[in-house]
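One structure below.
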Amino acid sequence: MPDNVLEIRDLAVEFKTDIGVTHALREVGFDVPRGEVTAIVGESGSGKSVTANCIMRLIQPPGEITSGRIDFSPTGTEPFDIVSLKTKDPRLLDLRGGLISMVFQEPMTALSPVYTVGNQVAEAILCHRKVSKKQAWAEAADMLERVGIDDVPRRIRQYPFEFSGGMRQRVVIAMALVCQPELLICDEPTTALDVTIQAEILTLIRSLQRDLENTVLFITHDLGVVAQLADQVVVMYGGRVLEIGSVRQVLKDPVHPYTRGLLAAIPGLAERGQRLETMASVLGDADIITPHPLRRLSDGRQVSLAPGPTRRS
Amino acid sequence: MTERLLEVEGISKAFDGVMAIENISFSLDASETLGIVGESGSGKTTLARCILRAIDPDIGTVRFRGKDGWHPLHAMTDSELIPLRQEMQMVFQDPFSSLNPRMTVQEILEEPLIIHKIGTRASRREAVLDILDRVQMESDSLTRYPHAFSGGQRQRIGIARALILRPKLVVCDEAVSALDVSVQAQIINLLEDLQKELGLTYLFVAHDLSVVRHICDRILVMHRGRVVEAGPVEEVFTNPREDYTRLLLSAIPSPDPDVPLQPLDRQVLGL
């Protein structure tokens, strides 16, 4: 019996604009297994962030979820479909920042410049649980310690501008984890950071995930980050899911031509002085535009390709 | 026999008393690609801008060999520099903010020629068509505005604008950092093709070490405004001598799930 925190089925999002309808997501479906890291990988416009925003019900007009369901099963509570929740449903308030929390790319935008970091981490607790202010601050201090902030008694009373980019992202992670969410969504949390700071944050997310055994949905365009962090990988392109499998399956033996193209385009893998493979050179005449429903392969993974034998590199 | 194109000797630049770059020296040969790598705040962009005299270094010398011999860039007045600017061009990081949204592609590409009073209207039109073809874009792009193009296509327009004056030295400041990986691969290939065709010399400023490893012949590793290590790219990558270089290399996440990320500890190294 699979234990999934989320089961997303047939999700579609449309943006209705003056010049026509943009299909941001079509027939998106995948599971997020409990206690694992699932990575959604894709380029700009693939729909990876829109998918995350659907889970938090953050799609704003002119965008609209036009079909599908997102079944959410928090421990000890009845499972429910996030898509069908009414805007005023109290469960939506529990969901956002309580049961599911999110870490964004730009930590300075995620934090308010006019409140101390302690205030902001404690606020996350006070919004979702009935505890005293003192208790909330004590828990905030513990969490800040846990994400690797030094000298917490002093730092907790400082403002975000007094922190470096990497330290700010640690504060945002503390804010996200302090309510012990069922699911942590990270949307490109290391993209704005230097590579050494990125390595520190990835190591932190991985060790916290192992300690707290929480479920992480990690959105990124960087296959290196995917390889280092994910258990399961969902490859998206043009608002659709093209391939789902374990990190080893997808990165070491990709089935879909688009996944192979993405991997081939990484400069580190090509010989120096050689031309890089591009999407066009890898795809050849393979068609990645025509949608095909996901089908299950013998080794358990799913791929969106026309029926027939799959060609592998 | 390779020819020297650029010699930088002991340049420093401070902003409000904070040293942005300190005592930097290096040289660059024609048709070579030199990478400048480092984290944000390491001074790599300041260095690139000091070389082009987009900002003035406080001390030090920058010598550039133009068509008519060597020029001391650091000591020249702005108006003396104008003719030399044809030979030194820049490609920027952000393909959205580096193109004027109110100009058509034709106007964007023709402008450098007009500024430098090169050619007639007809010959400029021909030059624009030629450079557009070299960056693999269709001629029907000419009447359109930047917003009509994707990030990768805009970067091609930015490269075409830099190359239309037939420069010798092209400074690429994070020129592929804002692009998706599949588009990035196309632009890297394009930059390499153009280098061979036109004999270009690149100063390639970047934070992405795998891109640098692919495209550069030599690299300078910068940390806190200083060059901490310099050498042929393969040598620096396979056998880094400085702790800071080792720290930087250890932080790159490999796309192979069987090669675990084991970043070195900044504190342990005392950096």
Side-chain angles (χ1 to χ4, degrees), chain A residues 41-46 150 164-166 190-203 206 220-231 233 237 246-252 258 261-283, chain B residues 33 37-42 150-152 176-193 196 206-217 223 232-234 237 244 247-267 269 271:
Chain A
V41 63
E43 300 186 284
S44 342
S46 61
D150 288 333
S164 67
T190 60
T191 308
L193 305 174
D194 273 320
V195 64
T196 56
I197 310 298
Q198 164 171 284
E200 290 173 13
I201 297 292
L202 292 179
T203 312
R206 194 167 52 186
T220 181
H221 67 282
D222 186 331
L223 289 164
V225 170
V226 171
Q228 296 306 321
L229 209 62
D231 300 302
V233 183
Y237 172 79
S246 75
V247 68
R248 268 190 185 70
Q249 286 174 334
V250 173
L251 295 188
K252 297 212 129 177
Y258 176 77
L262 266 189
L263 277 160
I266 302 174
L269 302 179
E271 282 285 311
R272 241 186 73 70
Q274 261 188 7
R275 287 178 69 78
L276 288 174
E277 295 274 9
T278 60
M279 201 46 89
S281 66
V282 173
L283 290 180
Chain B
T33 302
V37 304
E39 297 184 278
S40 37
S42 61
S150 67
V176 299
S177 318
L179 306 173
D180 274 321
V181 61
S182 65
V183 179
Q184 177 178 288
Q186 294 168 10
I187 299 295
I188 289 171
N189 286 342
L190 175 68
L191 287 170
E192 291 189 314
D193 292 346
K196 281 187 206 118
H207 71 280
D208 185 326
L209 294 156
S210 51
V211 170
V212 166
R213 184 176 194 170
H214 182 80
I215 203 170
C216 296
D217 303 306
H223 180 49
V233 73
E234 266 321 294
F237 270 82
Y244 180 72
L247 171 73
L248 216 51
L249 293 175
S250 75
I252 307 172
S254 163
D256 182 344
D258 293 326
V259 180
L261 180 66
Q262 284 166 329
L264 297 173
D265 192 316
R266 204 180 271 270
Q267 259 104 45
L269 295 173
L271 291 166

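Order of the sequence lines fixes the chain letters, A, B, ..., with proteins taken first and strands second; residue numbering starts at 1 for each chain.
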- Query: So what's closer than 4.5 Å to chain A heavy atoms on B:L261: side chain, backbone, both or neither?
  - Reply: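 Both backbone and side chain.
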
Residue B:D258 versus chain A: region with a heavy atom under 4.5 Å: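 For B:D258, heavy atoms of backbone and side chain both lie under 4.5 Å from chain A.
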
Can you tell which part of [X] gets under 4.5 Å to a heavy atom of chain B, answering side chain, backbone, both or neither?
X      : answer
A:L202 : side chain
A:V195 : both
A:S44  : both

Pick whichever of [options] has the most heavy-atom pairs under 4.5 Å with chain A.
options                        : result
B:P263, B:P257, B:S210, B:S250 : B:P257
B:G41, B:G151, B:P260          : B:P260
B:L209, B:V181, B:L248, B:L264 : B:V181

Could you give the distance from [atom1] ([X]) to [atom2] ([Y]), rounded to the nearest 0.5 Å?
X      : Y      : atom1 : atom2 : value
B:L249 : B:F237 : CG    : CZ    : 5.5 Å
B:H214 : A:L276 : NE2   : CG    : 3.5 Å
A:T203 : A:E200 : OG1   : CD    : 7.5 Å

Nearest heavy-atom neighbours spanning B:G152 and B:V183: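 Of all heavy-atom pairs spanning B:G152 and B:V183, the closest is CA-CG1, 3.4 Å.
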
Side-chain (A:E277) to main-chain (A:I266) donor-acceptor, under 3.5 angstrom
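Looks like no, no N/O pair under 3.5 Å.
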
- Contact winner vs chain B - A:M279, A:R206, A:R248, heavy-atom pairs under 4.5 Å: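 The option with the most such pairs is A:R248.
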
| said: I'd like to verify something: which residue of A:G165, A:A199, A:S281 has the highest number of heavy-atom pairs under 4.5 Å with chain B? | reply: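 Counting heavy-atom pairs under 4.5 Å, the top option is A:A199.
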
| query | Are A:L251 and B:D256 close enough that some pair of their side-chain heavy atoms sits under 4.5 Å apart? | reply |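 The answer is no; the side chains never approach within 4.5 Å.
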
Assess, by modelled atom type and distance only, whether the side chains of B:S182 and A:E43 contain a donor and an acceptor separated by less than 3.5 Å.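 A donor-acceptor contact under 3.5 Å links the two side chains.
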
